[in-house]
Asks: 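Input: one structure, supplied below.
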Amino acid sequence: MPELPEVETIRRVLARKLAGRTILAVDLRVPKLAASRLHRSLHSQARSWGQRVRGRKIMGLRRRAKYLIFDLDRGKLLVHLGMTGQLFAAAPGERPARGLPPLPDPHTHLILDLSGGLRLYYRDIRKFGRLRLLETAVEEARALEALGPEPLARGFTPAKLAEGLRNKKAPLKALLLNQKVVAGLGNIYVDEALFRAGLAPTARGGGLTRAHISRLRTAVRGVLREALRYRGTTLSDYFDPETRRGEFQNRLRVYGRAGQPCRQCGRPIVKAVVAQRGTHWCRHCQQDPCTGR
DNA sequence: CTCGGCCTGCTC
DNA sequence: GAGCAGGCCGAG
């Protein structure tokens with residue numbers, strides 16, 4: 001569910017609320033979310049995980065790709081929201097917005113009681129998310145080492161993007177979803193970025209000229225910045241920690257618009273499976289530079 | 001690199 | 001009842 005703009009929006013909301021608070025109690029209800037590997041006694045693992053987390057203080061909150069990194073006084077808590085993960089911050093007993101169940105509900109898998117009368121709830125219908133406690137800087141580096149450049153940082157230069165696409169015969173769709181090529185894009189923003197760049201998702205990465213790559217880089221950054229301004233995309237599950245929806249769904253040009261007219265040329269947006277993911281694009285406005293179609 | 005698996009819920 | 005969903009990982 002959440003891609004870079006949603007995770008960054010969550011980070012911004014939570015950073016001010018959580019900084020300086022101590023974790024007073026930990027209730028981990030679905031141990032596998034915190035398990036590094038499947039383990040026989042998940043329950044004892046959950047208990048010890050909670051014991052280790054309890055008592056630590058949240059110093060700050062960072063983001064890398066789609067990971068949230070809680071900087072603790074000792075170690076870090078790494079949170080990945082998977083497809084349907086949500087974080088909500090509320091006073092105990094406080095009701096979330098209409099349309100959301102009272103918390104905790106059966107999909108609430110972790111509850112952190114924080115000092116100063118605040119609770120942090122992790123909710124995840126499909127349980128694809130991950131929670132990891134990292135004790136050392138080495139562990140943190142290892143956990144994140146496979147990630148490519150942050151698209152909004154200085155390091156994401158045309159040369160860096162070119163490096164990720166060079167000699168690749170995989171379609172652009174697959175390459176941009178690959179977190180090693182660029183970190184933080186998911187299915188929505190890949191489709192949107194390719195539309196902006198005028199490139200077909202089926203085009204091979206290796207076939208792009210410098211001009212195409214530069215255009216693609218600009219498109220990736222542009223769509224992420226705009227989505228950030230609108231606080232992400234809410235199709236159904238995404239809410240920020242204060243239960244606000246994103247607004248970028250109103251500005252999507254191709255994602256979820258199969259059969260509807262392209263906003264640029266009026267021809268219908270097509271949807272097909274590319275790189276095993278539902279993919280939306282305009283056959284007229286987006287071209288494959290190799291085949292010309 | 002592509003596929004299947006991990007989960008649950010919603011739509012057709 | 002089947003197929004699909006905003007993600008990722010490990011197996012072939």
Asks: Please collect all ring pair (Phe, Tyr, Trp, His ring centres under 6.0 Å) contacts where either partner lies in residues 69-126 of chain A, sequence neighbours excluded, each pair once.
Replies: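 Applying ring pair (Phe, Tyr, Trp, His ring centres under 6.0 Å) to every pair that reaches into residues 69-126 of chain A, excluding sequence neighbours, yields A:Tyr67-A:His80.
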Asks: Roughly, in whole Å, what's the span from CD in A:Gln86 to P in C:dG7?
Replies: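 Result: 15 Å.
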Asks: Taking only the C1' atom of each, what is the distance from C:dG6 to B:dC1 in whole angstrom?
Replies: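 Here C:dG6 and B:dC1 have their C1' atoms 23 Å from each other.
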Asks: Give a yes/no answer on whether the side chain of A:Lys180 brings an N or O atom under 4.0 Å of OP1 or OP2 in C:dC9.
Replies: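 No, outside the criterion.
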Asks: Which heavy-atom pair separates A:Leu177 from A:Val190 by the least distance, and what is that distance?
Replies: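 Heavy-atom minimum between the residues: CD2-CG2, 3.8 Å.
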Asks: Both A:Glu3 and A:Tyr67 contact DNA chain C. Which one's nearest nucleotide lies toward the 5' end?
Replies: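 Looking at the nearest nucleotide for each, A:Glu3 comes out on the 5' side.
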Asks: Using a heavy-atom cut-off of under 4.0 Å over every strand shown, decide if A:Thr84 touches base, sugar-phosphate, or nothing.
Replies: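 Answer is nothing: A:Thr84 stays at 4.0 Å or more from every strand.
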Asks: Are any of the side-chain heavy atoms of A:Leu4 and A:Pro151 separated by less than 4.5 Å?
Replies: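 Yes. Closest side-chain heavy atoms under 4.5 Å.
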Asks: Can you give me the dot-bracket string for DNA chain B, 5' to 3', counting Watson-Crick and G-U wobble pairs with both distances under 3.5 Å, using [ ] for crossing pairs and | for partners on another strand?
Replies: ||||||.|||||
Asks: Is there a side-chain polar atom (N or O) of A:His80 under 4.0 Å from OP1 or OP2 of C:dG7?
Replies: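 False: A:His80 side-chain N/O out of range (4.0 Å or more) of C:dG7 OP1/OP2.
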Asks: Can you identify which nucleotide, out of C:dG7, C:dG6, C:dC4, has its nearest atom closest to the A:Asp237 side chain?
Replies: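 For the A:Asp237 side chain, the nearest candidate turns out to be C:dG6.
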Asks: Side-chain contact test, heavy atoms from C-beta onward, threshold under 4.5 Å: evaluate it for A:Ile58 versus A:Leu72 and give yes or no.
Replies: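 A:Ile58 vs A:Leu72: side chains touch.
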Asks: Could you state the CZ-P distance from A:Phe239 to C:dG6, rounded to the nearest angstrom?
Replies: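 One finds 17 Å between P of C:dG6 and CZ of A:Phe239, rounded.
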Asks: How many whole angstroms separate atom CG of A:Leu176 from atom P of C:dG6?
Replies: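 Rounding to the nearest Å, CG of A:Leu176 and P of C:dG6 are 15 Å apart.
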Asks: For A:Tyr255, report the nucleic acid contact type (base, sugar-phosphate, nothing); a contact means any heavy atom under 4.0 Å.
Replies: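 Here A:Tyr255 touches the backbone only, sparing every base.
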Asks: Using 4.0 Å as the upper bound for N to carboxylate O, is an ion pair formed by A:Arg64 and A:Glu140?
Replies: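 A:Arg64 and A:Glu140: not salt-bridged.
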Asks: Which heavy atom of A:Arg204 sits nearest to which heavy atom of A:Lys169, and what is that distance?
Replies: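 Reported closest heavy-atom pair: CD-O, 2.7 Å.
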Asks: Specify the separation, in whole Å, of atom CG of A:Leu224 and atom P of C:dG6.
Replies: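 Whole-Å distance recorded here is 17 Å.
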Asks: Tell me, yes or no, whether the heavy-atom count around A:Arg29 atom CZ, taken from other residues, nucleotides or ligands under 6.0 Å, exceeds 12.
Replies: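 Enclosed.
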Asks: Base, sugar-phosphate, or nothing: which does A:Gln179 touch, judged by heavy atoms less than 4.0 Å apart?
Replies: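 If one applies the 4.0 Å heavy-atom cut-off, A:Gln179 turns out to touch the sugar-phosphate alone, with no base involved.
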Asks: Between B:dC7 and C:dG1, how far apart are the P atoms? Round to whole Å, please.
Replies: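 Here C:dG1 and B:dC7 have their P atoms 23 Å from each other.
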Asks: So which heavy atom on A:Tyr238 is nearest to which on A:Arg231, and how close?
Replies: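 Looking at all heavy atoms of both residues, the shortest contact is CE2-O, 3.6 Å.
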Asks: What is the distance from CZ of A:Arg130 to P of C:dC8, rounded to the nearest Å?
Replies: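 Atom CZ in A:Arg130 sits about 12 Å away from atom P in C:dC8.
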Asks: So for atom CZ, which belongs to A:Arg132, do other residues, nucleotides or ligands contribute more than 12 heavy atoms lying within a distance under 6.0 Å?
Replies: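 At most 12 heavy atoms, drawn from other residues, nucleotides or ligands, come within 6.0 Å of this atom.
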Asks: Would you mind reading off the distance between A:Glu247 atom CD and C:dG6 atom P, rounded to a whole angstrom?
Replies: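 Distance check: A:Glu247 CD to C:dG6 P gives 21 Å.
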Asks: For nucleotides 1-11 of chain B, just jot down a letter per nucleotide in 5' to 3' order: B, S or -, based on protein non-hydrogen atoms under 4.0 Å.
Replies: SSB--BBBS--
Asks: Take the protein atom CG of A:Leu177 and the nucleotide atom P of C:dC8, then report the distance between them rounded to whole Å.
Replies: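 Computing the A:Leu177:CG to C:dC8:P distance gives 9 Å.
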Asks: Rounding to a whole Å, what distance do you find between A:Gln249:CD and C:dG6:C1'?
Replies: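 The answer, rounded to whole Å, is 12 Å.
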Asks: Which heavy atom of A:Pro149 sits nearest a heavy atom of A:Val181, and at what distance?
Replies: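 The pair with the smallest heavy-atom distance is CD-O, 3.3 Å.
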